[in-house]
Amino acid sequence: MKTLVWVEHDNASVKDATLATVTAASQLGDVDLLVAGSGCAAVADEAAGIAGVGTVYLADDAAYENALAENVAPLVVQLMGDHDAFVAPATSNGKNIAPRVAALLDVVQVSEILSVVSADTFTRPIYAGNAIATVQAPAGKLVLTVRGTAFAKAEKTGGAGTVQAAAAGGDQGLSTFVGSEISKSERPELTSAKIIVSGGRALQNSENFHTLIEPLADKLGAGVGASRAAVDAGYVPNDYQVGQTGKIVAPEVYIAVGISGAIQHLAGMKDSKVIIAINKDEDAPIFQVADVGLVGDLFKIVPELTGKL
Ligand SMILES: Cc1cc2nc3c(=O)[nH]c(=O)nc-3n(C[C@H](O)[C@H](O)[C@H](O)COP(=O)(O)OP(=O)(O)OC[C@H]3O[C@@H](n4cnc5c(N)ncnc54)[C@H](O)[C@@H]3O)c2cc1C
């Protein structure tokens with residue numbers, strides 16, 4: 001089987017989400033990559049070095065600079081003449097592009113796979129991760145998105161892919177990129193951080209996030225996350241949100257501070273290797289998934305913990 005993997009990048013370098021997607025795709029067969037972007041030749045060269053890849057199709061055109069699904073999907077469909085499966089990471093961009101590709105190919109999409117059982121059968125989470133469904137795709141081209149935390153990352157080097165220009169379809173004229181507001185952070189990106197410190201509603205305001213959560217994260221070299229309650233209350237930006245409607249993470253260590261452990265939050269972090277919970281309510285559901293639990297007032301415990309590290 002020939003697979004085509006959509007490369008997540010920022011026109012400068014390959015994003016980690018791509019690597020787990022390559023691993024998933026390689027379990028189906030030969031892996032080709034698509035780098036669609038603007039001024040992104042360096043990304044294609046980097047992608048060609050990923051272990052196990054064959055052809056890297058480079059579509060370098062202003063129309064692809066911001067990964068607008070309306071422009072990228074027709075390009076993918078064109079390349080699907082030679083491929084049996086389209087595989088994208090289940091990132092915001094991947095989730096935007098893949099279903100459009102599936103509809104244009106008139107096939108179903110299998111979303112957010114956790115494992116490849118066979119060439120047409122996959123496991124995927126349903127009901128906020130409380131059940132794992134094994135699903136068989138009908139015959140025809142496959143369109144898959146991949147949960148990055150469920151697959152090991154392919155090696156970034158050692159590959160011998162060849163870069164080939166893909167005929168760009170250009171701007172479809174259906175959508176326009178207006179602007180973006182990226183939250184700037186020196187800390188590790190949430191989905192690739194080894195340690196995450198997350199705060200919930202109990203932090204009460206953004207000031208407490210700065211004075212309590214961030215120093216602890218900095219001591220540990222950790223990324224900072226949050227519950228939806230903390231995001232909705234404006235303590236931190238949206239892209240900090242961990243959970244069903246936020247980011248799915250599986251770090252080595254996840255520290256949940258003042259988070260109750262609602263099912264929608266657990267859906268985003270319960271595959272973490274070690275979960276540490278700090279909560280004053282000993283009956284909080286978070287303690288059911290925590291490996292280490294501290295019952296007490298976060299305003300006392302967190303500064304003490306940070307001080308001792
Ligand atoms: C469709 C849908 C999607 C959702 N998606 C998400 C999602 O992606 N991510 C997400 O997080 N939520 C999501 N939610 C919301 C979710 O249901 C919860 O409302 C939310 O996770 C609660 O956030 P919290 O734990 O911070 O707040 P709370 O539930 O209010 O919990 C606060 C906790 O802090 C503890 N506490 C209070 N004071 C202290 C103190 N001084 N010291 C120590 N502990 C203290 C309390 O005991 C309590 O357990 C979703 C909901 C819906 C309906």
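All ligand and atom numbering here is 1-based and tracks the order in the structure. In this text, all values refer to a predicted model and were calculated from it rather than measured experimentally.
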> What's the shortest distance from atom 42 (N) of ligand 1 to any protein heavy atom, and which residue and atom give it?
Replying inline: Leu298 N, 2.9 Å
> So is there a nitrogen or oxygen of Ala262 less than 3.5 Å from a nitrogen or oxygen in ligand 1?
Replying inline: no
> Using a side-chain heavy atom cutoff under 4.5 Å and only I, L, V, M, F, W and Y, what cluster partners does Trp6 have?
Replying inline: Leu4, Leu34, Tyr57, Tyr64, Val72, Leu75, Val76, Val77, Leu79, Met80, Phe86, Ile97, Val101, Leu104, Leu105, Val107, Val143
> Among Gln264, Gln241, His265, which one has a heavy atom closest to atom 52 (C) of ligand 1?
Replying inline: Gln264
>> So for ligand 1, is Val242 a polar contact partner (N or O within less than 3.5 Å, distance only)?
In response: yes
> Considering residues at least two apart in sequence or located in another chain, which fulfil the side chain to side chain contact (heavy atoms under 4.5 Å, CB included) criterion with Ser180?
Replying inline: Phe177, Ile182
>> When you compare the side chains of Gln164 and Thr55, does any donor N or O come within less than 3.5 Å of an acceptor on the partner?
In response: no
>> Nearest non-hydrogen contact with atom 24 (P) of ligand 1 belongs to which option: Gly243, Ala230, Ser227?
In response: Ser227
>> Pairing donors with acceptors under 3.5 angstrom, does anything connect the side chains of Ser38 and Asn11?
In response: no
> Which residue from Arg228, Gln244, Lys247 reaches closest to atom 10 (C) of ligand 1 through any of its heavy atoms?
Replying inline: Arg228
> Between Ala277, Ala229, Gly225, which one has a non-hydrogen atom sitting closest to atom 23 (O) of ligand 1?
Replying inline: Ala229
>> Is there a polar contact, in the sense of an N or O pair closer than 3.5 Å, between Gly200 and ligand 1?
In response: no
> Which option, Ala284, Ser260, Gly261, owns the non-hydrogen atom nearest atom 31 (O) of ligand 1?
Replying inline: Ser260
>> Just to be sure I'm reading this right: ignoring hydrogens, which of Asp297, Ile301, Ile259, Leu266 gets closest to atom 41 (N) of ligand 1? Compare them by their nearest heavy atoms.
In response: Asp297
